[in-house]
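What follows is a short report on a single structure.
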Amino acid sequence: MTITKNSETLRVTYEPAVIMGALYGPGIHGLKGAFERKWVEELAKDIDVLYKDALQRPGGAVGRGPKRHYVEIHPEDISGFVDLVTHPWVKAVCETVLGPEYKIVEIGFDVPNPGAVNQPWHRDFPAPEDTVKGRRLNSLAFNITTVDVEEDMGPFEIAPGTQWDDGSEYESEMFPEKELYSRYEALAEQKMPKMGDISVRSALTIHRGTTNNSNKSRPVLVLGVDAPGANNHERHDLQITKKFYETLPEDLKGHLMCRIVDELEVIVQEHTIEGLKMGEA
């Protein structure tokens, strides 16, 4: 693992006002070159093995539209888990936005394959009362691409600032009616990160995956983190074996919302985002 070394870049990148301004403003923030490409290459190998295994198990990979899957995994399934969750920028973002008692509640990956089509504009879950009434973000999603994203690979697309939109009339409070699409398309920004980059966003900011016209998959790791009381852990099943737990840094253990088990169990995915299926994957 490596982090940005330029002191001025570090100062600006880790400045609480910069972090808060990005996530409360556009709803997305990022750090380029957070990890070495070699680290990402190892992550890509891990995900490739896990994806092939998930496709062989009934319900192992959840369809998120044609040629697109999401797979929830165990932290110890990837060799770089501790590097990721103890990265100084990741910790700084979590502490700044979610507070010092933040909890890691989810890890998984999304794979838009060749032939994946535009998803409907959406947020990942209904806006909680903390956001609707309190105007506070109580959860974050970190993303790490395992490939250099190019324009024809179905880049992630986001409509900045829409984490504050009233979603009470959306289908399932997540899917805006198509009459609103022109606004999102006018706001839309496509993200094309490189291997080693990391981003963080509010999953309430309206977004979608776009059409993958290439012959390459675009796997991306997802890390979900909550403020106390957010309760997104109810949609997930983070498990860690006692053996692995004992190897973790002490200051990390308190940030894990997980079950400690003797042996890892198959995860029953609870967060299907039904409206994204759009037919079989």
- Message: Students often mix this up, so state it plainly: with edges at 30° and 60°, are the rings of W121 and Y181 parallel, tilted or perpendicular?
- Response: perpendicular
- Message: Does the plane of the ring in F142 sit parallel, tilted or perpendicular to the ring in W89? Use 30° and 60° as the thresholds.
- Response: perpendicular
For [X], side-chain contact (heavy atoms from CB on, under 4.5 Å) partners two or more places apart:
X: K253; value: Y245, L248, E250
X: A44; value: T146
X: N232; value: V105, F125, S139, D226, A230, R235

- Atom OG1 in T131, atom CG in N138: separation rounded to 0.5 Å? 5.0 Å
- Item | Approximate separation, where rounding is to 0.5 Å, of I28 CD1 and N143 CG | 7.5 Å
- Answer whether the closest heavy-atom distance between the side chains of V71 and L50 falls below 4.5 Å. no
- Query: Please, which pairs that meet salt bridge (Lys or Arg N to Asp or Glu O under 4.0 Å) have at least one residue in residues 86-104, sequence neighbours excluded?
  - Reply: K91-D251
- Taking only residues at least two apart or on different chains, which pairs with a member in residues 211-221 satisfy salt bridge (Lys or Arg N to Asp or Glu O under 4.0 Å)? E150-K216
- Message: Checking K242 now: which residues fulfil side-chain hydrogen bond (donor to acceptor under 3.5 Å, both in side chains) with it, not counting sequence neighbours?
- Response: D262
- Item | Common cluster, V117/V220, ILVMFWY with side-chain heavy-atom separation under 4.5 Å | no
- Query: Can you tell me if NZ on K38 sees more than 12 non-hydrogen neighbours from other groups inside 6.0 Å?
  - Reply: no
- Query: Is it the case that more than 12 heavy atoms not belonging to E151 sit under 6.0 Å from its CD atom?
  - Reply: no
